[in-house]
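Worksheet: one structure, shown below.
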Amino acid sequence: MKYQRVRGMRDILPEDTARWREVEGVVIDVLRRYGYREIRLPLLEATEVFSRGVGEATDLVEKEMYTFDDRKGKSLSLRPEGTASCVRACIENGLLHNRTQRLWYHGPMFRYERPQKGRTREHTQIGAEVFGIPGPEVDAEILVMLARVFRELGVGSAVSLEINSLGSGESRTRYREALVDYLSPRRDELDADSRRRLATNPLRILDSKVATTRDIVAGGPDLAGYLDENARARFDALCDQLDAAGVGHRVNPRLVRGLDYYTDVVFEWVTRDLGAQDAVCSGGRYDGLVERLGGRAVPGAGFGMGLDRVLLLHQALVERRYTDADVYVAVTGPHGPRAAQVAEQVREQTRLRVVQHAGLGGLRSQLKEADRSGARWAVIVGDDEVAENRVSLKALREESDQTMVDVEELLARLGPSAQSGE
RNA sequence: GUGGAUGUAGCUCAGCAGGUAGAGCCCCGGAUUGUGGAUCCGGUGGUCGUGGGUUCAAGCCCCAUCAUCCACCCCA
């Protein structure tokens, strides 16, 4: 084989795209029902949008970006996530001027990582961001909405919600200092990654999976204990609202997000069904980000959902038979033009998917193909039919006799099943 | 970036100790001159990931390389 896809990129084949469309359709539909508007963003940004927005010391920026210089030597990066681009676009286009925004976007993200189950270098996210609403009711709105998304997708039983609060700027800084003070004397007992993070991003040490590090951290200062009154009240209010809405959740005090812009509430929807890559959707509040990227101080909150992973769950949990056609038109002899005419009439009068047989093949093989296409009906146009100015209609998914009908009756018979079966 | 496993037909795989490739599914045709889904019969299809090396002889042994998968790491 001469050419193959670039490592970590993937082809989504016709046998899977119908399911993709269904899943994307459900998610987008829910977002629209909550009043979110679509924004379309470029795949490419100035590298600085991410290094400043996401954070210089994050793994994402440090080692996972596809970064290159353009022909004039300007550093560009394929977007590794959506929030920073979205904020940049909102500032640049004046979308945040004295008004709130509920936005969603959809598309591929790129991260230079080692591929494995549930993780590729190109993946698709649907994300949403809300700007200009400081209160916890937005955090609740987002999580209630996501619970609905998973429920309506039919994967609600496979995911669960974990939440935590990182505190707002000041309390977070105080906690960070306390944590460093506690860990520094024990530096030698930490694993290598955590030692490095002690200087760059100490909060990340909290969710280390190394057992010895976990034990050390467990004896250290407690993030929750450092929350100021505001953050504490906000988090409690959120938990109350989730309870009131019947959205199950678990407070995970070790939940720390990998991106620097998060403040206060952070959350992660996780699953046990995807091996090591257990996060399906995550997000939180990022009140300082707009300012950091050059805008006015505008509060924000949002999430990113990994559709590839959602698809894996959907595939495992939701039985579906996706078909390629509703009506398959078989034709014999020289009656191609007449068959095409009938097919067009059906398309004109219904929303059904009509495939007309093309190329060679006897009636037998045409019906075989009709069966394979998943069509519910076969329409046959041959000598006998044309002689009577009618067509034969045969139901492929139920036991019933084949009948010869004129076009008017054909349309009447197909009419009741006129919604496409896709 | 680290570790382990795997690359043979479109797909899933077999190939025993080195002797120039097999099965099932799929697809095509026939049994059924204009009738699918079941059954039976026949057929198409392979530079054995790639490049070197060892050997009279390599799918099998050696080296390199690429890719995939799983885990670490990280995240969606």
Run the salt-bridge test on A:Glu113 and A:Arg121 with the 4.0 Å N-O cut-off and return the result as yes or no. no
Calculate, to the nearest 0.5 Å, the distance between atoms CZ and CG belonging to A:Arg376 and A:Asp326 respectively. 9.0 Å
Both conditions, 6.0 Å and 45 degrees, for the charged tip of A:Arg19 above the ring of A:Tyr322: are they met here? no
Take atom C1' in B:rC66 and the same atom in B:rG49, then report the distance between them in whole Å. 8 Å
Rounded to whole Å, how long is the line connecting atom NE2 of A:His357 with atom P of B:rU35? 15 Å
Salt bridge A:Glu385-A:Arg390, side-chain N to carboxylate O under 4.0 Å: no
With a non-hydrogen cut-off below 4.0 angstrom, is A:Ile380 in contact with a base, only sugar-phosphate, or nothing? base
Selected nucleotide, minimal atom distance to A:Gln4 side chain, candidates B:rG34, B:rC66, B:rC75: B:rC66
Quote, to the nearest angstrom, the P distance that separates B:rU55 from B:rC16. 23 Å
With nearest nucleotide decided by heavy atoms, which residue, A:Arg121 or A:Ala375, maps closer to the 5′ end of RNA chain B? A:Ala375
Can you check the distance between B:rG15 and B:rG19, where both ends of the measurement are the C1' atom (answer in whole Å)? 14 Å
Touch class at under 4.0 angstrom, heavy-atom based, for A:Gly304 against every strand present: sugar-phosphate
Give the rounded distance in Å between these two atoms: CD of A:Gln366 and C1' of B:rU33. 15 Å
So for atom CD, which belongs to A:Glu398, do other residues, nucleotides or ligands contribute more than 12 heavy atoms lying within a distance under 6.0 Å? yes
Can you tell me the base-pairing partner of B:rC72? Count Watson-Crick or G-U wobble geometry only, both distances below 3.5 Å, and say none if there is no partner. B:rG1
Separation of B:rC73 atom C1' from A:Glu62 atom CD, nearest Å, is 13 Å
Give none if B:rU32 has no partner; otherwise give the nucleotide forming a Watson-Crick or G-U wobble pair with it, both distances under 3.5 Å. none
For A:Ser282, which contact category applies under a 4.0 Å heavy-atom criterion: base, sugar-phosphate, or nothing? sugar-phosphate
With rounding to the nearest 0.5 angstrom, report the CG to CH2 distance, A:Leu393 to A:Trp377. 5.0 Å
Base B:rG1 paired with A:Glu113 side chain (donor-acceptor, <3.5 Å): no
Which value, in whole Å, describes the distance between the P atoms of nucleotides B:rU12 and B:rC73? 30 Å
Check ion pair A:Arg33-A:Asp29 (N to O, under 4.0 angstrom): yes
Taking the six-membered ring for Trp, are A:Trp269 and A:Phe150 closer than 6.0 Å centroid to centroid? yes
Under 3.5 Å on both distances, the Watson-Crick or G-U partner of B:rA9: none
Under 4.0 angstrom, heavy atoms only, what part of the nucleic acid is A:Arg397 near: base, sugar-phosphate, or nothing? base
Could you list all N or O pairs between the protein and nucleotides 28-32 of chain B that sit under 3.5 Å apart?
from	atom 1	to	atom 2	distance (Å)
B:rC28	OP1	A:Arg372	NH2	3.2

Contact class for A:Asp193 (heavy atom, under 4.0 Å): base, sugar-phosphate, or nothing? sugar-phosphate
What nucleic acid atoms does A:Gln402 come within less than 4.0 Å of, heavy atoms only: base, sugar-phosphate, or nothing? base
Could you tell me the separation between the OH atom of A:Tyr328 and the C1' atom of B:rG34, rounded to a whole number of Å? 15 Å
More than 12 foreign heavy atoms under 6.0 Å from CG of A:Leu360: is that the case here? no
Please report the shortest heavy-atom distance between A:Leu317 and A:Gly154, naming the atom on each side. CD2-O, 3.9 Å
For A:Arg196, does the CZ atom sit with more than 12 other heavy atoms under 6.0 Å from it, leaving out its own atoms? yes
Could you tell me whether A:Glu189 and A:Arg186 have a side-chain N and a carboxylate O separated by less than 4.0 Å? no
Using atom P of each nucleotide, how far apart are B:rG18 and B:rC60 to the nearest Å? 11 Å
Assigned partner base of B:rG51, Watson-Crick or wobble definition, under 3.5 Å: B:rC63
Carboxylate-amine/guanidinium proximity below 4.0 Å for A:Arg234 and A:Asp139: yes
Can you tell me the distance, in whole Å, between the CG atom of A:Asn201 and the C1' atom of B:rC75? 14 Å
Using purine N1 to pyrimidine N3 plus N6-O4 or O6-N4 for Watson-Crick, or N1-O2 and O6-N3 for G-U wobble, both under 3.5 Å, which nucleotide pairs with B:rC26? none
Per-nucleotide protein contact along nucleotides 6-11 of chain B, 5' to 3', at a 4.0 Å heavy-atom cut-off (B base, S sugar-phosphate only, - neither), is ------
Would you measure the distance from the C1' atom in B:rA9 across to the matching atom in B:rC70 and give it in whole Å? 27 Å
What does B:rG18 pair with, Watson-Crick or G-U, if both distances are under 3.5 Å? none
Mind checking the P distance from B:rC13 to B:rU20? Whole angstroms is fine. 26 Å
Scanning both residues in full, the closest heavy-atom pair of A:Phe267 with A:Gly302 reads CZ-O, 3.7 Å
For B:rU44, give its Watson-Crick or G-U wobble partner with both distances under 3.5 Å, or none. none
Indicate, yes or no, whether a donor-acceptor pair under 3.5 Å links the base of B:rG37 to the side chain of A:Asp371. no
Would you mind reading off the distance between A:Lys394 atom NZ and B:rG34 atom C1', rounded to a whole angstrom? 11 Å
Expressed in angstrom and rounded to an integer, what is the separation of A:Leu255 atom CG from B:rC75 atom C1'? 12 Å
Between protein and nucleic acid, restricted to nucleotides 68-70 of chain B and to nitrogen or oxygen atoms under 3.5 Å apart, what atom pairs and distances do you find?
from	atom 1	to	atom 2	distance (Å)
B:rU68	OP1	A:Gly8	N	3.4
B:rU68	OP2	A:Arg7	NE	2.8
B:rC70	OP2	A:Lys117	N	2.3

Counting distance only, does the side-chain N/O of A:Arg254 pair as donor-acceptor with the main-chain N or O of A:Leu206 below 3.5 Å? yes
Any N or O donor-acceptor pair linking the side chain of A:Asp59 to the base of B:rC73 at under 3.5 Å? no
Give the rounded distance in Å between these two atoms: CG of A:Asp324 and C1' of B:rG36. 16 Å
Measuring only the P atom in each nucleotide, how far is B:rG37 from B:rA58? A whole number of Å is fine. 46 Å
Out of B:rG37, B:rU35, B:rC75, whichever nucleotide has its closest atom nearest the side chain of A:Ala279: B:rC75
